[in-house]
Amino acid sequence: MVCPWRLVLAMLLSVSTVDASSSSTSGIAALANRLFPGHSDAFEFKLTAENENWSRWNPPVNDNYTVKAGGQKGRILVEGTTLNALARGLRHYANEVLQIDHFFRVDTYKSAPESLPVPVEDLEGASVVPWRYNLNTVTFSYTFAWWQWKDWERFLDWAALRGVNLQLAWVGYEKIFLDSFKELGLKDQDVLPFFSGPAFQSWNRFGNVQGSWGGRGDLPLEFINQQFYLQKKIVARMVELGITPVLPAFPGFVPSTIKKVRPDAQLTASPNWFSPAPDKFTRDLFLSPLDDTYTELQKLFVSKQIRAFGNVTNIYTLDQFNELTPACGDAKYLSDISEHTYDGLTAANPAAVWLFQGWLFYSSCGFWTQPRIDAYLGGVRDNQGMLILDLYSEANPQWQRTNSYSGKRWIWCQLHDFGGNMALEGRVQTITSGPIDALSQSKSLVGFGLTPEGFEGNEIVYDVLLDQAWASSPLSTQQYFQDWTTRRYSLGAQSLPTELYEASEMLRSNVYSNARTDIPQVPIATYQLRPALSGIVNRTGHFPHPTAVHYDPVVLQKAWRLMFRSALRQSILWSVPTFQLDFVDVTRQVLSNAFDSRYDDLIQAYQCSISKSIELRSSSSSCDVKATGRKLLNLLSTLDYVLSADAHFALDVWTGGAQHWGARSGNQDLFAFNARSQVTVWQVDASNLNDYAAKAWSGLVGSYYKGRWSIFVDMLATGEPDQAALTQALRTFEVKWQADGCEQVERKAPDLKTLMQELMRAWPDVFPEVS
């Protein structure tokens, strides 16, 4: 039963300029016009249910939609229970009737016909879970750090069309944080030094890091304001598309200057998150939820967002112990923390639902025993008041060992990608059967979702899980890949070559069917690691990143040849943007795999060159370190050239984004330094995250990775290298590149067909001749 005063407060909070329960379908009509330019009038959209903001008193239910004839004036009628269901129905029509789709990074070649046909038969869909969730807190740094509105607009369309109806909305958070602390009496200069640079904001929000390193100054106030303005556009568009924004609550991490205005505040210093980095960049202070100031700040955070964005959500993200162990393991302490956290949140919004990432139960599994989990989750007595993301369900699910999160509502998630790494990998057999099995076993499972640390490729595995949310039994991945291939490379009236379907099936059954537990995620390439004599090839495990691949590399070479043959048979494929992107991606992976054999040759040549053993020298194919090293470095030059064939694989897109925001906010130096740091050494004076966010980008491969391997080859060629000297030389190079970057070389993107023919001539053992 709801207390009367809470009802009154909830009514007061609901007064706003934007309402997520709006019955207007104009946002979906605008989506139709972006998907089918000039054709929004071909559709009539109709809601079949009235919906209020979802809350702990009003949990969501499964969606359904129908697309059929029968609209006014001959229009195509799209009916659905929510705006999001209408968006999903619109994509169903595009896929089924027109065989086209809207993809994340690149357009299909085929456009809509002049007159959109009415479906011959009704198209129907029904979700099997109420929530279809999207995003990880760190995605806002690894992928979204430099995004502009045009990027967000495309991405939000992509999410809505796939039925995503719950998504994190972290952009502009620093404005809410700053203004809330200013109301306590602090000044701008008291708070700004606490914020991290743009590429590291996610971990500042998690309480892992603080401040900006590198001596480039504080986060500019102008940037904070610009991001807040961008967030207003993002949230408004999400509401138009039926996507409930998950807004940030006050997580409890505070600048040390809070002591100026709350000298008696109950503060606990968090552990050093990336030791051996200096404490000044980590060890954030955690304000106890038992302190009255906590509730005061929570009210400020929530109320300011309601005023800024409207009554758009009751769901708030709040992570207190992301890779941080609580100060005490006592059950009562843990229960008190969560109870008072939730009390603070519901004091700000009585209808609030607390969402958090269940990553802590995996990353600190030694601490989080079942009694401690029960105590922490049990502090929130209303099971509808919590929503937990089982962040890594496809490889390391926690829902079984936590008794379905002690009965709290939870979402089955695919993490897949760490740090925005770019190797080809997926577990399609798991992301189809796993969530359906869990749905039958756990009464508190209420959603499927995506939680990658970065979106940098492998788009099909994300589509599979989001589409699985609309199927009651596991999807046939073989049929799915065939249909996806048709839409991905659609040629209109012309049929796709059979070789393209054969390549797709080869990728599905090998590359995207990873079943190895010792390679639980997207790997990184050996060439992306700091060079060493051993320990970097065929590495398995979760952290540091694996470098082993779970399939026979020869399989990928065969898929490459099939893609080439398909383009020779249908030359128009060379002009299809999706084919261009994917062919470069597969070529990139073939070359990445081939690097390992060149590395092995180099190490054997080195061992041979320093060996006094006649047997070893006579059995080795080469003892010439310079020659084998030259082949290895030439392969990296080739890879850099291949990547230049598509803008998606370009370092200057990332650094250019940083330059754009830096110019607008008045601190280009900080932004450029942040951009270079994140994709290389990550942070300052610590080695555990070096190469964590490795990228296969032209400009980065040719300057940074090749630069490090050149140092390594040169030192091997001089004889047995001094390990300390090698480490120092590599570290000196890394720091200089982090500080100064590389000279941007402008060059015309190579013609794709010509490029592939050149590869066959230059690297016949990697790319055999295709007839």
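No experiment lies behind these values; they were computed from the predicted model shown.
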>> Using the ring centroid of each side chain, check whether W560 and F564 are separated by less than 6.0 Å.
In response: yes
>> Taking the ring centre of each residue, are H416 and Y392 less than 6.0 Å apart?
In response: no
> Can R488 be said to sit on top of F103's aromatic six-ring, NZ or CZ under 6.0 Å from centre and within 45° of the ring axis?
Replying inline: yes
Should the ring pair [X] and [Y] be called parallel, tilted or perpendicular, given that the plane angle runs from 0 to 90° and is split at 30 and 60?
X: W213; Y: F281; answer: perpendicular
X: F104; Y: W147; answer: tilted
X: F455; Y: F144; answer: parallel
X: W682; Y: W203; answer: perpendicular
X: W697; Y: W654; answer: tilted
X: F418; Y: W359; answer: tilted

>> Nearest 0.5 angstrom please: Y489 OH to F579 CZ, how far?
In response: 7.5 Å
Answer yes when [X] and [Y] have at least one side-chain N-carboxylate O distance shorter than 4.0 Å, and no when they do not.
X: R569; Y: E499; answer: yes
X: R588; Y: D585; answer: yes
X: R516; Y: D518; answer: yes

> Does R216 offer a backbone N or O that forms a donor-acceptor pair with the side chain of D669 under 3.5 Å?
Replying inline: no
> Is the closest side-chain heavy-atom distance between Y692 and T680 below 4.5 Å?
Replying inline: no
>> A side-chain contact here means heavy atoms from C-beta on lying under 4.5 Å apart; do S196 and L219 qualify?
In response: no
> side chain to side chain donor-acceptor pair (under 3.5 Å) between T485 and S504: does it pass, once the steps are laid out?
Replying inline: CA-CA 7 Å; T485 298; S504 174; 2.9 Å; yes
